[in-house]
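Here the structure is laid out as structure tokens; the discussion comes afterwards.
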Amino acid sequence: MATAHPELAPGLTDADLLELYRRMVLLRTYDERSVVYHRQGRIGTYAIFWNHEAIQAGATFALGDDDWIFPSYRESAIGLVRGMPAETILQWWRGQPSGWWNPADWNVASIAVPIASHLPHATGLAWGKKLKGEDAVAMAFFGDGATSEGEFHEGVNFAAVLGAPVVFVCNNNQWAISTPLSAQTRAQSLADKASGYGIPGVTVDGLDVLAVHAAAHEAVERARSGGGPTLIECVHYRAAPHATADDPRAYIDLERVEQERANECVGRFERLLKDAGVLTDELAAEVKQACEDVMRAGIAAAESEPPADPELLFTHAYVDPPGNMRHG
Amino acid sequence: MATAHPELAPGLTDADLLELYRRMVLLRTYDERSVVYHRQGRIGTYAIFWNHEAIQAGATFALGDDDWIFPSYRESAIGLVRGMPAETILQWWRGQPSGWWNPADWNVASIAVPIASHLPHATGLAWGKKLKGEDAVAMAFFGDGATSEGEFHEGVNFAAVLGAPVVFVCNNNQWAISTPLSAQTRAQSLADKASGYGIPGVTVDGLDVLAVHAAAHEAVERARSGGGPTLIECVHYRAAPHATADDPRAYIDLERVEQERANECVGRFERLLKDAGVLTDELAAEVKQACEDVMRAGIAAAESEPPADPELLFTHAYVDPPGNMRHG
Amino acid sequence: MAELTLVEAVNDALHTELARDDDVMVLGEDVGRAGGVFRATAGLRDRFGENRCVDTPLAEAGILGSAVGLCMAGWRPVVEMQYDAFSYPSLNQLITHVGRYRWRTGGRMEFPITIRMPYGGGVRAPELHDDSPETYYVHTPGIKVAIPSTPADAKGLLAAAIRDPDPVVVFEPKLVYRTARGEVPEGEHVVPLGQARIARAGTDVTLLCYGAMVPVCEAAADALDVSCEIVDLRSLRPLDEETILTSVAKTGRVVIVHEAPRTVGFGAELAALIAEKAIFDLQGPVLRVTGFDVPYPYWSIEDAYMPSAERVASAVRSLF
Amino acid sequence: MAELTLVEAVNDALHTELARDDDVMVLGEDVGRAGGVFRATAGLRDRFGENRCVDTPLAEAGILGSAVGLCMAGWRPVVEMQYDAFSYPSLNQLITHVGRYRWRTGGRMEFPITIRMPYGGGVRAPELHDDSPETYYVHTPGIKVAIPSTPADAKGLLAAAIRDPDPVVVFEPKLVYRTARGEVPEGEHVVPLGQARIARAGTDVTLLCYGAMVPVCEAAADALDVSCEIVDLRSLRPLDEETILTSVAKTGRVVIVHEAPRTVGFGAELAALIAEKAIFDLQGPVLRVTGFDVPYPYWSIEDAYMPSAERVASAVRSLF
Ligand SMILES: Cc1ncc(C[n+]2csc(CCOP(=O)(O)OP(=O)(O)O)c2C)c(N)n1
Ligand SMILES: Cc1ncc(C[n+]2csc(CCOP(=O)(O)OP(=O)(O)O)c2C)c(N)n1
Ligand SMILES: [Mg+2]
Ligand SMILES: [Mg+2]
């Protein structure tokens, strides 16, 4: 497909660029509205991903629909890029049954709460598809802190050894709650870990959606063509609290946060597209409006659901439940 | 201290070289006798370390007596280099109480059976000593397969982050029981893993005791002077069964094994010392004789011990045992 | 005496014990700069320095494994696991080393590790912030387990754990971290491990419970017109068999309550103890009110999973 | 019918199930080239190829975690943990994912994982080759647990586990891997989960046991002059409560035997079941003969740790 702005992103058409922009705005809108909904008591504790949109939208834009996404809680809303309804994700944060989607419906795995524990799943899925002759790629998201976990190590190493088509996307926001990157590693960069697995590792600006996409695109192509896994480190600096329950003032560099907010990724891409004449103020307003409508409809749909049936405690635990399951 | 043969090993005197040789022969004798004892039913299953002597003697020769050694089952007899009686180690393999030594008596930790699980211990000890102002270094031994375990990753990363004075010595014999190195990693070398932790990594010939010692010496000096941990990969090829219970013919390259045996590390060092005029046939024979005496005395002492008291089930489980401990 | 919440009492115990013994140090995720996600370690880093309240890398096996090595270097590490379900990556270290290392040294080295963690459900949290993992711990030889239900016991049991020469795990009921308030002795305060507390004396039925289930049992007792004796175990190992058996001998009826899944939950051990040693005292079956053998649910229905005063009360009624 | 040892029956089951269903694959440490350290997987790699019998890297969490992903790709993975105590690094995957993932998907994905491992003591091995970890597994919601004691059941239960739509853990008693010999049906043979086996009918006392403790109970029964009914549970979850309660109703006396440490060992659950549902059938206390709450010892004294026919017999005598 021809691109009108090869200088921006070789291989991406204007339509692609606008869709990428729309996804970023959708994620941004989801996040900002969620913080409000939390304050209003309409959702529970919520893990804020403000200014992580370039990573999430950029990396996943390199995937096909048959490829799988393995999110952590930080990427809770990543299903939006696949068309998952906002209410589904809102219901997860509301602790409601319909928030627990069927991964096979979206090729988006369940939200992984235990840090790094989903990396071996991505490896197993990608390996298993490959063994069955399907050419799906798996993309797993995790943070800088996650790279300290044994299951990060085991999951990436398995993928390397098995030649599994996995793209490991590290969201290096330089904080694990209150723990700075300097307390997680002495490595020059987290991408340096790749050489220990004999796989390619790259570092990109996590606020530059096109840079993230380009790196992801290359990694996905490599994986698909049998080249095995890639580790992509997306560097930025967490500009929001870890979650709604967290008060970062005790530990974070507030000046740095101000700089980051000034340079936030959605506005940055928006300016780029406007300068390139791909995006107009009108179109931007329309996109924003559409995303707010999605959220308004989403929260309304979520809140209109009937209360969950306690019977659900038992419905899904086993295909073939033991006789004493209900005995508590 | 002056050295008569700087071309062999700068910093090592002839006396050092002979002591190093003696330790290798002692380890070799322990190993070869143990295989015989096992066949005779005088010890239980035994993990053979034949041709690993250059790694074990060479690396530990760089340590002072206050430094700690963290062995795996492959280094079960490493206490010998600290003067631990052979019977103590034989008793471990005989499942006898006196084989369970007090690590503080020798600064040699208990034999770690779960792969890689002792690396965090080495890190904790080294870090803890450093926090107390003691300048002890910890040296941990583990295999190539161990580098796939999450606890390898966590233990090394902790040491790097905390600047703990640890030397991680990887015995890369290229097999984990029947699993070849190619099924453990795609890395060019296991030393490549070091960069992922931001620490120095080096690869040496695991059959060249002086090369192992030189690398360990440098790492110990670095650790002691506040430079943090080092990963040393000692490469060779397992030339004996994994353990007395294992029959490697099903999987190993027997030709390669023959080459390795022809080039085995003790004879290699012996030739070197003789060529350099440091070692004579007479002295070599004396050393060998002395080591065999140690083993003869060791197995005799072990076998003369009275049967273990079943009461020992309970004696050491707790300092302050719960009342129902004996209730089974 | 000061009136504190349960989590404030935990913090008080840590300040007191770190001040008392220079070998005590705290390590874990976010325990330093942030003072813990529940503020349990607040103020320790400023007061005792970054070497005695350490923000570790995000790796639970590394944390507990380093603690084993720290003991070898003469420290008394107090490890925080940030949440119940996030302690599981450390189970290999717990089972293969923490519980065995002293035995392995012929009793010549001590491993006075304290592992403390918030546990339990009902807090309207996302998945895996709700587990009651005590079975995994108390089944492991060499490990002691304590679970406070009041601020005073939270301080006293944690102090006892830190001073204990053996590894001790202290489960703190996060559901009542801030709602359980009470008088807490100032300065040094130790509640010996292995002594149950009669939370309420009674004559007709014995309710055996611990942690966040103690207030649930109290609410059930309030709603019942039979006289309930509520035994707050406080410590699962060592276990105060005498207090349990004395109460059962008196009442002849028993209901055991815990949040953890039923199968081989600690209630099974209590029932087995009674079935062995008090069988002829019993006037009815030994009943358990527990979590179910299903995954802990999303929070919209967690109240149906958690033992409630109603479930406890109806179990008691069924005995009369 | 062929006469096989227990480990040969395991191998037979794997050959049969891999031949029957192309989606079944085996993965673990040394299962391929070497055919397993106990030869349980011998011949699979040659017969079914290196993609269906995979030598993995040395990392148990990676093995079990990949198996979760393999299920998502449509496979039915059979995971070997090389020994009981070496399964612990995978417990985080087991507890947080294997047991919960189906629930998490609203029942829309299945995770038909089989985890098999040799377990138990008495084999004169170095440390940590002797554990009986069934409590850690059976306490975990979403997980089923089977433990055979005969070659025929070893084949039939493993086949049932592999075909079961839920995650199943099969513990194989390594002590009798080669000494337990018996007739094993050729070809497909399935023993449904949840059905206990009356190993020996009797009238005076019920011995509840599983795995390597079944022959111990048989030896004890031979030495006793009371009539023992020996119930081989075969499956801990689902549990055959009916067979247990019927036997207890008949005999009125119970001795429960397992190798695992006593506190919240599976015997506690059995005692609790009886104390709840059979209390009025009992003519005496419910007794347990188990491993002790201490680390499994070096092998020179392991016979004093393992329940013996003598310990079982004297427990039985104490009931009369
Ligand atoms: C195994 C495990 N341990 C601890 C936690 C608690 N926890 C939740 S988020 C978090 C920090 C994660 O930091 P990072 O990996 O950098 O991801 P980020 O939150 O920055 O996106 C921690 C410690 C957890 N969820 N899982
Ligand atoms: C956690 C754990 N998993 C599995 C085992 C079983 N096991 C014993 S030795 C071994 C292979 C180890 O290979 P490597 O690390 O290369 O060391 P080597 O034996 O070659 O010295 C395995 C899998 C174990 N001891 N611990
Ligand atoms: Mg982060
Ligand atoms: Mg090896």
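If you're wondering where the values come from, they're calculated on a predicted model, not measured in any experiment. In the text below, chain A, chain B and the rest are named by the order of the sequence lines, each starting its count at 1.
- Of the atoms belonging to C/Val37, it is side-chain heavy atoms, and not backbone ones, that fall under 4.5 Å from chain A.
- For an aromatic pair to be called close, the ring centres must be under 6.0 Å apart, and C/Phe171 with C/Tyr210 fails this.
- Between C/Glu310 and C/Arg317 there is no salt bridge, since none of the side-chain N atoms of the basic residue sits less than 4.0 Å from a carboxylate O of the acidic one.
- Using a 4.5 Å cut-off between heavy atoms, C/Phe86 contacts chain A through its side chain alone, with no backbone atom that close.
- For the side-chain hydrogen bond (donor to acceptor under 3.5 Å, both in side chains) criterion with A/His236, the lone passing option out of A/Asn173, A/Asn171, A/Asn51, A/Asn172 is A/Asn171.
- In this structure, chain C has a heavy atom under 4.5 Å from the side chain of A/Trp100, while its backbone stays farther away.
- Proximity to chain C (any heavy atom under 4.5 Å) is shown, for A/Asp144, by neither the backbone nor the side chain.
- Only the side chain of A/Ile115 comes within contact range of chain C, judged by heavy atoms closer than 4.5 Å.
- Looking only at heavy-atom pairs under 4.5 Å with chain C, the residue among A/Ser148, A/Ala146, A/Gly143 that has the most is A/Ser148.
- Interface remark: of the candidates A/Gln184, A/His327, A/His316, A/His327 forms the most heavy-atom pairs closer than 4.5 Å to chain C.
- At a threshold of 4.0 Å, the pair A/Arg238-A/Asp246 counts as salt-bridged, since one of the basic side-chain nitrogens sits closer than that to a carboxylate oxygen.
- A salt bridge is absent between C/Asp130 and C/Lys174; no separation between the charged side-chain nitrogens and carboxylate oxygens falls under 4.0 Å.
- Put simply, of C/Thr56, C/Thr263, C/Asp293, the one with the most heavy-atom pairs under 4.5 Å next to chain A is C/Asp293.
- With respect to chain C, the highest number of heavy-atom pairs below 4.5 Å among A/Leu313, A/Thr179, A/Asn324, A/Thr45 belongs to A/Leu313.
- Interface remark: A/Tyr73 contributes no atoms to any contact with chain C (heavy atom separation under 4.5 Å).
- The closest side-chain donor-acceptor pair between C/Tyr177 and C/Glu172 falls under 3.5 angstrom.
- C/Tyr88 and C/Tyr136 have their aromatic ring centers within a separation under 6.0 angstrom.
- Chosen from C/Tyr296, C/Tyr305, C/Phe292, the residue pairing most often with chain A at heavy-atom distances under 4.5 Å is C/Phe292.
- Contacts between A/Pro97 and chain C at a heavy-atom distance below 4.5 Å involve backbone atoms as well as side-chain atoms.
- In this structure, no portion of C/Glu259 lies under 4.5 Å from any heavy atom of chain A.
- Counting heavy-atom pairs closer than 4.5 Å to chain A, the top-ranked of the candidates C/Leu58, C/Asp55, C/Asp303 is C/Leu58.
- In summary, C/Arg124 and C/Glu302 engage in a salt bridge, as defined by a charged side-chain N under 4.0 Å from a carboxylate O.
- A/Arg74 places a side-chain N or O within donor-acceptor distance of the main-chain N or O of A/Ile48, the cut-off being under 3.5 Å.
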